[in-house]
Amino acid sequence: MLSVTDIRNNTKELLDRLELRNFDAHEYFDEILALDGKRKETQTELDGMLAVLNQHAKEIGDLYKKGDSEQAEKKKSETTANKESSKLLSEQLHTTEEAIKSLLVLIPNAPNSSVPKGNSSKDNEIVKESGDMPNLPEDALPHWELAEKYSLIDFELGAKIAGSGFPVYRGKGARLQRALISYFLDKALEAGYTEYQPPVLINPESGYGTGQLPDKDAQMYHLEMDNMYLSPTAEVQLTNLYRDDLLKFEQLPIKMVAYAQCFRREAGSYGKDVKGLNRLHQFDKVEIVQIQHPDNSYKVLEEMTDYVAGLLDQLELPYRVAKLCGGDMGFTSALTYDMEVYSGGQKRWLEVSSISNFEAFQANRLNLRFKEGDKKVSMVHTLNGSALALPRIVAALLENNQTPDGIKIPKALVAYTGFDIIN
RNA sequence: GGAGAGGUGGCCGAGUGGUCGAAGGCGCACGCUUGGAAAGCGUGUGUGCCUCACAAGGGUACCGAGGGUUCGAAUCCCUCUCUCUCCGCCA
């Protein structure tokens, strides 16, 4: 969320930036600033009241010590009125603070001023295209037919034991998955990330910290009996590892990577979007997260984007990079690059990664700060990106590399798969 | 799942109703000392909020979290949570 201080000090700038995603924050800001004024007044009044009460308590103690219980009793009775009004004030303070917070969580992150204004993916700005488009015959197959032809993935078996959107990988299909996971993790280690293996169940606090809660709960599987959620992305676990921390400047940057199975309800999706591997309820993803000094976050966003692009280069997949327009960006992001690979069998671009700078938006929710020497405490910036999400990578690999002899495995992967062709 | 013991500042650890934001130690920072270092000595060493100039100073809150009792709570009571030990179960 945005901070009240920011809203107060940079009102105009934030309003303009929010406008880029067609969010009119005028009323929110007015109300928040008014409530914050009230909050301060109440705080001042309450603190004064408490100071008096503390003073009285001290005096009563002294009187008892001197043995003057008569005076002490008298003084006691004088405190009751103050006690009641201080209780009232602290309730009022609490209510006001809650009211401010409940408004703050409704406001999305303010886009970076370079974000193109727009409403949908049509308005995204393609900033890079790379790689050779596959040269496939007209009768090239989509991945779900290839998967069946070579017994790599069984969607119906998955539906039998779980439901649609839960595929079963087998044989070389399963090994390809495992190879990709290892490959992506190894690359991240080379790039200086520390590997983690987090839980896949998360508590509500974690979901709140990274912004999935309160309003995206319908996209997550919820375990009612234990009040936990199946994580939709390792971003949640990794970023929340540092929730409520006050870091030393020297600890920055923090670079983490994790492979995790991800779970999404995907309510409302249909048609060709959910065909085959295109959109699943359970999928595998390697995620990179960085906790950064605010001065570096935009430079690092570019680095992370280049890093992911490098992975796609090595997998020999044609891709393009889109800078998302305001209307297409996620709630929590200030700037997002999407990576899309071209999948020749379906003849479509598939999103395989999304790399974002959240600036201090998550840090404010997470209460994640750092301190540099004697300087004031300030919020860190958080960033993350998929590096990469497996299913659509698998789809593109299968489709683009199909030949009459079988499916060729890119050179970079052969050491991980142990085979260079699926036939 | 059952029984018991605990959660105090960066760390260890005292503190069972008042003078406790909290002894003592370690660590860290600065200074003195030294040719230099160690030892030694001295000083300092949390965060949020309010006031204020986001200074100094002052006020207030925070001893796992949230409630309660009391003039006054780290200290008593209740609920929750986490850790440890034993039993049960189990990959």
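Quick note on labels: first sequence line is chain A, next is B, and so on, each numbered from 1. As the structure is a computational prediction, the values presented were derived from the model and not from experiment.
Within 4.0 Å (heavy atoms only), A:K371 reaches sugar-phosphate atoms of the nucleic acid but no base atom.
With a 3.5 Å ceiling on both atom-pair distances, B:A22 lacks any Watson-Crick or G-U wobble partner. Nucleotide B:C54 has no partner under the Watson-Crick or G-U criteria, as no pair reaches both atom distances under 3.5 Å. The pairing partner recorded for B:U69 is none, the criterion being a Watson-Crick or G-U wobble arrangement whose two distances lie under 3.5 angstrom. Figure legend. B:U75 is base-paired to no nucleotide; pairs are counted as Watson-Crick or G-U wobble with both atom distances under 3.5 Å. Under the Watson-Crick or G-U wobble criterion, with both distances below 3.5 Å, B:G88 has no partner in any strand shown. Checking B:C49 for Watson-Crick or G-U wobble geometry (two distances, each under 3.5 Å) identifies B:G59 as its partner. Base pairing annotation: B:G40 forms a Watson-Crick or G-U wobble pair with B:C32, both donor-acceptor distances under 3.5 Å. When Watson-Crick and G-U wobble pairs are counted only if both distances are under 3.5 Å, B:U16 pairs with no nucleotide at all.
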Pairwise N/O distances under 3.5 Å, protein to nucleotides 70-75 of chain B:
{"residue": "B:G72", "atom": "OP1", "partner": "A:K83", "partner atom": "NZ", "Å": "3.3"}
{"residue": "B:G72", "atom": "OP2", "partner": "A:K83", "partner atom": "NZ", "Å": "3.3"}

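Taking both residues in full, the closest heavy atoms of A:P232 and A:M220 are given as CD-SD, 3.7 Å, listed atom of the first, atom of the second, then distance.
On the C1' atoms, B:U75 is 15 Å away from B:G68, given to the nearest whole Å. The separation of B:C28 from B:A65, taken at their P atoms, amounts to 29 Å, rounded to a whole angstrom. A gap of 14 Å separates the C1' atoms of B:G48 and B:G21, to the nearest Å. Across the P atoms, B:G10 and B:U16 are found 23 Å apart, a figure rounded to whole Å. The C1' atoms of B:A14 and B:G24 are separated by 7 Å, rounded to the nearest whole Å. Comparing the same atom, P, in B:G2 and in B:C71 gives a spacing of 38 Å after rounding to whole Å. The gap from the P atom of B:A73 to that of B:G17 amounts to 14 Å, rounded to the nearest Å. One P atom belongs to B:U79, the other to B:A3, and the distance between them is 13 Å to the nearest Å.
Atom CZ of A:F370 and atom P of B:U47 are 14 Å apart (whole Å). Regarding A:N82, its CG atom lies at a distance of 15 Å from the C1' atom of B:U60, rounded to whole Å. As rounded to whole Å, 17 Å separates atom C1' of B:A61 from atom CD of A:E45. At whole-Å resolution of the value, CG in A:N54 and P in B:C50 are 19 Å apart. Here the P atom of nucleotide B:G48 and the CG atom of A:N364 are 13 Å apart, to the nearest Å. Here the C1' atom of nucleotide B:C62 and the CG atom of A:D244 are 14 Å apart, to the nearest Å. Distance, A:E97 CD to B:G66 P: 12 Å, rounded to whole Å. In this structure, CD of A:Q43 is placed 10 Å from C1' of B:G59, rounded to the nearest angstrom.
Listed pair A:R369 / B:G48 meets the phosphate criterion, a side-chain N or O lying under 4.0 Å from OP1 or OP2. For B:C54, neither phosphate oxygen OP1 nor OP2 lies less than 4.0 angstrom from any side-chain nitrogen or oxygen of A:N9. Contact annotation: A:R39 reaches the phosphate of B:C50 (side-chain N/O to OP1 or OP2, under 4.0 Å).
In this structure, A:E250 does not pair ionically with A:K248, as no charged nitrogen and carboxylate oxygen lie closer than 4.0 Å. Electrostatic pairing of A:E190 and A:K187 counts as a salt bridge here, judged by a charged N lying under 4.0 Å from a carboxylate O. For A:E19 and A:K117, the salt-bridge test passes: some basic side-chain N is under 4.0 Å from an acidic carboxylate O. Salt-bridge formation is detected for the pair A:E359/A:R17: a Lys NZ or Arg NE/NH1/NH2 atom is positioned less than 4.0 Å from an Asp or Glu carboxylate oxygen.
For the pair A:E41 and A:Q55, nearest-nucleotide mapping onto RNA chain B gives the more 5' position to A:E41. RNA chain B is contacted by both A:K40 and A:V52; A:K40 maps to the nucleotide lying nearer its 5′ end (nearest heavy atom per residue).
Within residues 245-255 of chain A, the residues approaching RNA chain B are A:L246, by heavy-atom distance under 4.0 Å.
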Practice item. Kindly determine whether A:L157 and A:I161 satisfy side chain to side chain contact (heavy atoms under 4.5 Å, CB included), including the steps that lead there. Key: CA-CA 7 Å; A:L157 270 183; A:I161 57 167; over 6 Å; no
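Using cut-offs of 30° and 60° on the angle between ring planes, the pair A:Y221 and A:F263 is perpendicular. Ring orientation note: the planes of A:F249 and A:H293 are nearly perpendicular, at an angle over 60° on the 30°/60° scale. In this pair, A:Y183 and A:Y416 present their aromatic rings perpendicular. The plane angle is above 60°, beyond the 30 to 60° band.
Looking at A:E287, A:K255, A:Q290 one by one, the single match for side-chain hydrogen bond (donor to acceptor under 3.5 Å, both in side chains) with A:Y193 turns out to be A:Q290. Exactly one of A:N109, A:T382, A:T332, A:T336 qualifies for a side-chain hydrogen bond (donor to acceptor under 3.5 Å, both in side chains) with A:S356. That residue is A:T336.
Of the candidates B:C54, B:C49, B:G68, B:C49 carries the atom nearest the A:D47 side chain, counting heavy atoms from C-beta on.
A:Q292 and A:H381 form no side-chain donor-acceptor contact under 3.5 Å, judged by distance and modelled atom types alone.
Taking 3.5 Å as the limit, the base of B:C54 and the side chain of A:K376 contain a donor-acceptor pair of atoms between them.
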